[in-house]
There are 2 protein chains.
Amino acid sequence: MAGTTHEHQHQVDFAALCRAHGIPCTDQRRVVWDFFAQHAQGHTIPDAVTALAPQGIGRATIYRTVELFERLHLLTSVRDTGEKVRYVAVCPGHAHTLICRSCHQVVEFEDCDLALLEKLLSERTGFAIAGHHLEVYGTCPQCAAGRA
Amino acid sequence: MAGTTHEHQHQVDFAALCRAHGIPCTDQRRVVWDFFAQHAQGHTIPDAVTALAPQGIGRATIYRTVELFERLHLLTSVRDTGEKVRYVAVCPGHAHTLICRSCHQVVEFEDCDLALLEKLLSERTGFAIAGHHLEVYGTCPQCAAGRA
DNA sequence: CGCCATATTGAGACAATGTATCAGAAAAGC
DNA sequence: GCTTTTCTGATACATTGTCTCAATATGGCG
């Protein structure tokens with residue numbers, strides 16, 4: 001594959017990512033990562049199979065890799081009512097997603113003060129709270145302006 | 001099917017539910033509804049097929065019915081990292097779920113003050129916020145006590 | 001740099017899940 | 001009850017997901 005500065009940047013970043021997570025850095029994983037990371041709206045796994053299998057990436061590898069990335073919190077899954085599960089690259093430090101129901105772009109945001117809510121829930125139910133998953137849905141300005 | 005008071009209660013409730021949503025009340029829909037409503041931890045669609053097909057409910061009907069119920073907000077879907085999508089009956093007035101990662105029981109809760117967060121996000125991103133989906137994960141007291 | 005131990009990969013067979021169609025059956029409204 | 005409309009089940013089919021194993025690439029080390 002061509003070696004533009006931009007792609008090289010990706011390679012370097014991804015290699016570092018793998019080292020940081022203690023996994024071997026393979027070409028296939030980089031391709032899968034790039035595929036999901038380059039689209040803000042995320043993709044389904046079948047999307048990835050359709051796009052990457054012709055490039056010689058096996059189906060099994062795609063499934064294994066997405067599962068791995070999800071376990072490592074490099075990808076996260078998003079799913080609105082009636083939709084299929086899509087996977088979106090996780091920006092480190094950003095835990096939550098704001099999703100356009102029209103174009104599916106995913107904007108991540110950081111600040112959400114649910115600590116108080118979690119404390120309250122814990123007291124009321126006896127649950128040991130481990131974490132939460134928050135998705136906010138709406139329409140982005142572009143789609144609202146009629147572009148979609 | 002037998003007509004105990006409890007089951008009759010279900011029938012009455014479900015018929016009313018259908019009338020309220022303007023859909024025909026069929027035996028199949030009642031069976032599917034009961035199947036999901038009677039288990040706090042929810043079920044996958046394949047679960048339902050396995051359980052209900054031998055009772056003479058067709059696969060296609062189960063898929064159609066779950067899709068319908070989800071659109072009417074009678075069922076809602078839940079999915080933690082690495083899990084399959086499960087469907088849980090929605091308690092009217094309760095919008096959010098607290099889920100045990102060990103036994104998958106789903107506890108619903110009402111109060112969450114995200115209005116402020118939504119306002120902030122709207123101002124910062126220009127999105128028209130339509131709603132949100134919040135799942136809190138943890139371990140329930142029973143599982144923490146070693147039951148699972 | 002080149003070897004070795006280990007982990008990953010791709011192919012392909014297979015299993016499970018999801019979808020479309022259409023004739024027959026049941027529900028709702030008179 | 002009778003008609004219209006909607007739903008249902010069976011079937012065939014398409015898609016998605018899983019498994020296994022030999023071949024290959026990776027990372028570590030001398």
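Since the structure is predicted, the reported quantities are computational estimates derived from the model, not experimental observations.
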*asked:* Starting the side chain at C-beta, find the nucleotide from dC7(D), dT8(D), dG18(C) nearest to Ile45(B).
replied: dG18(C)
*asked:* Without decimals, in angstroms, what is the distance between Lys84(A) NZ and dT17(C) P?
replied: 14 Å
*Length of the line joining Arg30(B):CZ and dA27(C):P, which is rounded to integer Å*: 11 Å
*asked:* With a 4.0 Å limit, can you tell me whether Thr26(A) has a side-chain N or O closer than that to the phosphate oxygens OP1/OP2 of dT9(C)?
replied: yes
*Quick one: which of dA20(C), dC19(D), dC7(D) gets closest to the side chain of Ala60(A)?*
dC19(D)
*Less than 3.5 Å between a donor and an acceptor, one on the side chain of Arg64(A) and one on the base of dG17(D), is that the case here?*
no
*asked:* Can you confirm whether the side chains of Asp47(B) and Thr50(B) place a donor and an acceptor under 3.5 Å from each other?
replied: no
*asked:* Nearest whole Å is fine: how far is dA25(C) P from Ile57(B) CD1?
replied: 17 Å
*State, to 0.1 Å, how close Phe127(A) and Pro141(B) come at their nearest heavy-atom pair, and which atoms those are.*
CD1-CD, 4.0 Å
*asked:* Tell me the interatomic distance from Tyr87(A), atom OH, to dT16(D), atom C1', rounded to whole angstroms.
replied: 12 Å
_Salt bridge flag under 4.0 Å for residues Glu123(A) and Lys119(A)_ = yes
*Name the nucleic acid region contacted by Ile23(B), choosing base, sugar-phosphate or nothing; use a 4.0 angstrom heavy-atom cut-off, strictly under.*
nothing
*asked:* Assess whether a salt bridge exists between Arg79(A) and Glu70(B), defined as any Lys/Arg side-chain N lying under 4.0 Å from an Asp/Glu carboxylate O.
replied: yes
*Measure the distance from CG on Asp47(B) to P on dG18(C) and round it to the nearest whole Å.*
11 Å
*What's the CD1-C1' distance between Ile62(A) and dT8(C), to the nearest Å?*
14 Å
*Between Asp27(B) and Arg59(B), who's closer to the 5' end of DNA chain D by nearest nucleotide?*
Asp27(B)
*Do the side-chain N and O atoms of His132(B) and Glu135(A) include a donor-acceptor pair separated by under 3.5 angstrom?*
no
*Tell me whether the OP1 or OP2 atom of dC7(D) has a side-chain N or O from Gln28(B) closer than 4.0 Å.*
no
_Glu67(A) CD - dT8(C) P separation (whole Å)_ = 12 Å
*Nucleotide dT18(D), atom C1' - distance to CG of Leu68(A) in whole Å*: 17 Å
